[in-house]
Amino acid sequence: MPEDISEESLWCPSCQRSFPPTLSTIRCPSDHLLDVHPPLGNLTGEQWRILFDQRLASPIGLNRSGVWRYRELITPVDVDTTVTFPEGNTPLIASAPVAAWADIDGLALKHEGLNPTGSFKDRGMTAGVTRAKRFGAGVVACASTGNTAASLAAYAAMGGLEAVVLLPAGNVSPGKLAQARAYGARTVSVRGDFDRCLALVQAAGESLDLYLLNSINPYRIAGQQTIVLELLQQLRWAVPDWITFPAGNLGNTAAFGQALRLAHRLGIIDRVPRLAAVQAAGAAPFAHSFTGGFGDLVPVEADTIATAIRIGNPASYSRGVRAIRHTNGVVIDVDDADILAAKSVIDRAGIGCEPASAAAVAGARSLRRTGIIGAGDTVVAVLTGHLLKEPDTFAGSGSGDTVEIGDRLEELVAVLDGPSRRSPGP
């Protein structure tokens, strides 16, 4: 990172150069992705913690947002142009059944599916759409497997901007597509996968003057850093040993690494937890690269039930590598059967999540079984999306098929008192 400065800049970690923020600045001249570097001031770590804790207790204005509560670490604020629901404030949940299944007593779940549109994307989108509005953008756009589309459409509508989303034909949950349409986005179905959609929307952005809000946008990443900042605050600034999370396009990998690097640098935390990025086995180019010592990334044709991470050529690869290296982290993959098994446990614990989210818990269990996560380690697994994002994917997590009966009491008694009735608890 550059030395602290009085005005916001965009920083290229590869070139070690700063650039002024503009509507068209997404990459440096060498095509590397950029990070937001806000003016940070000179508070001590204790002063930062006190400031954020005071705002947590305040119901006023931007302090209600689990993103803008940390605004000095994101981007300078203009209250009149900040587009907020508010978002964030998602719970940190201790669940005995999930912890027992993963064999990790110190496991907690950070449920980002309880954001306004049902996924973590809202944290990045409030920052991205806010910046788009300040830049004077008229149209914002993204490629998406569903969650980004829903979030972009909602925040664009709140901000009075037009939204365009490109989605891979036949590979988007109807619920996610319905969200994007309901919020008024122009939806375009592309005969191709997510990676092709992203390439197409980037080309369209250059020729049609669209402001791109995929995770290659530095403000998206800045907003998503608050997932980590908020979970640390919920732990009273105690640092867990591990943070596990699903990994697709690697935006969260980059965001988490940046948040931890910044929090440690400012003295907000005294050490850095290890990151564990978890990919689906059918969409695991990052995991394969990690196994090979982070040599060249080899894109794959993604195939997994976890549609939110069904990405074969992650755009934030270089940023993800930096995050894993900085935190002494790991990257693993788990197969769809393990993802569905984890989802079943999470669902039956009364928490629920979409399939991609369950990869975080499946990955934690795998790392515990191999001894990489120790018996006494504390772990936060990030659930990225709500159960109702993909309501048709139950994977045995429900209580069986729905039984239809008539309206007579005898029929109901026969069903409820039959051999499948569960024994009452102690």
Side-chain angles (χ1 to χ4, degrees), residues 65-68 74-75 82-90 110-133 137 139-168 172-188 194 197-198 201 205 210-227 230 245-246 248-252 254-255 307-311 315-316 353-354 356-357 382-390:
S65 168
V67 172
W68 297 110
I74 304 168
T75 185
T82 300
V83 183
T84 178
F85 198 91
E87 47 292 309
N89 300 308
T90 60
K110 177 66 170 164
H111 204 332
E112 288 295 297
L114 300 181
N115 269 289
T117 74
S119 85
F120 76 93
K121 305 286 188 177
D122 294 344
R123 290 185 183 264
M125 211 57 75
T126 182
V129 171
T130 291
R131 211 49 168 102
K133 194 169 181 180
V139 184
V140 291
C142 72
S144 178
T145 58
N147 284 333
T148 302
S151 185
L152 174 76
Y155 280 83
M158 283 189 282
L161 304 177
E162 289 187 54
V164 175
V165 298
L166 274 62
L167 307 112
V172 176
S173 162
K176 296 175 184 179
L177 179 59
Q179 281 184 286
R181 287 176 171 168
Y183 296 131
R186 296 180 62 185
T187 57
V188 181
F194 168 83
C197 290
L198 182 57
V201 78
L210 309 176
Y211 187 58
L212 187 61
L213 279 175
N214 278 98
S215 58
I216 63 174
N217 184 294
Y219 293 97
R220 275 280 312 277
I221 299 301
Q224 287 165 212
Q225 292 181 49
T226 61
I227 299 172
E230 188 174 86
F245 54 94
N249 214 24
L250 307 186
N252 270 345
T307 60
I309 53 174
R310 188 189 287 160
I311 296 168
S316 289
C353 66
E354 70 172 331
S357 298
V382 179
L383 307 181
T384 47
H386 195 280
L387 168 68
L388 294 180
K389 286 289 189 172
E390 297 187 26

What I'd like to find out is whether the side chain of [X] reaches to under 4.5 Å of the side chain of [Y], using heavy atoms alone.
{"X": "Glu230", "Y": "Asn89", "value": "yes"}
{"X": "Tyr183", "Y": "Thr117", "value": "yes"}
{"X": "Ser215", "Y": "Ile221", "value": "yes"}
{"X": "Leu198", "Y": "Asn249", "value": "yes"}
{"X": "Arg186", "Y": "Val165", "value": "no"}
{"X": "Phe120", "Y": "Gln224", "value": "yes"}

Within the distance-only criterion (no hydrogens, no angle test), does the side chain of [X] pair as donor or acceptor with the backbone N or O of [Y] below 3.5 angstrom?
{"X": "Arg220", "Y": "Leu213", "value": "yes"}
{"X": "Arg123", "Y": "Gly66", "value": "yes"}
{"X": "Lys110", "Y": "Thr90", "value": "yes"}
{"X": "Asn115", "Y": "Gly88", "value": "yes"}
{"X": "Thr187", "Y": "Arg181", "value": "no"}

Looking only at heavy atoms, which two atoms of [X] and [Y] are closest? And how far apart?
{"X": "Tyr211", "Y": "Ala137", "value": "CB-CB, 4.0 Å"}
{"X": "Thr126", "Y": "Thr130", "value": "O-OG1, 2.6 Å"}
{"X": "Pro246", "Y": "Ser357", "value": "CG-CA, 3.9 Å"}
{"X": "Ser144", "Y": "Pro168", "value": "O-CD, 3.0 Å"}
{"X": "Leu250", "Y": "Ser316", "value": "O-CB, 3.6 Å"}
{"X": "Val67", "Y": "Ile74", "value": "O-CD1, 3.1 Å"}

Measure the spacing between [atom1] of [X] and [atom2] of [Y] and express it to the nearest 0.5 Å.
{"X": "Phe194", "Y": "Asn214", "atom1": "CZ", "atom2": "CG", "value": "5.0 Å"}
{"X": "Met125", "Y": "Thr84", "atom1": "CE", "atom2": "OG1", "value": "14.0 Å"}
{"X": "Leu114", "Y": "His386", "atom1": "CG", "atom2": "NE2", "value": "5.5 Å"}
{"X": "Ser173", "Y": "Leu388", "atom1": "OG", "atom2": "CG", "value": "9.5 Å"}

If you look only at distance, which donor and acceptor atoms sit under 3.5 Å apart when one is on a side chain in residues 147-164 and the other is two or more places apart or in another chain?
| residue | atom | partner | partner atom | Å |
| --- | --- | --- | --- | --- |
| Asn147 | OD1 | Lys389 | NZ | 3.1 |
| Asn147 | ND2 | Glu354 | OE2 | 2.8 |
| Thr148 | OG1 | Lys121 | NZ | 3.2 |
| Ser151 | OG | Asp122 | N | 3.4 |
| Ser151 | OG | Asp122 | OD1 | 2.6 |
| Tyr155 | OH | Glu87 | OE1 | 2.7 |

Task: Working for side chain to side chain donor-acceptor pair (under 3.5 Å), residues Glu112 and Ser119 - done: CA-CA 6 Å; Glu112 288 295 297; Ser119 85; over 6 Å; no

Open item on the list: Using side-chain contact (heavy atoms from CB on, under 4.5 Å), reason through Thr384 and Asn252 one step at a time and then give a plain yes or no.
Closed with: CA-CA 10 Å; Thr384 47; Asn252 270 345; 4.1 Å; yes

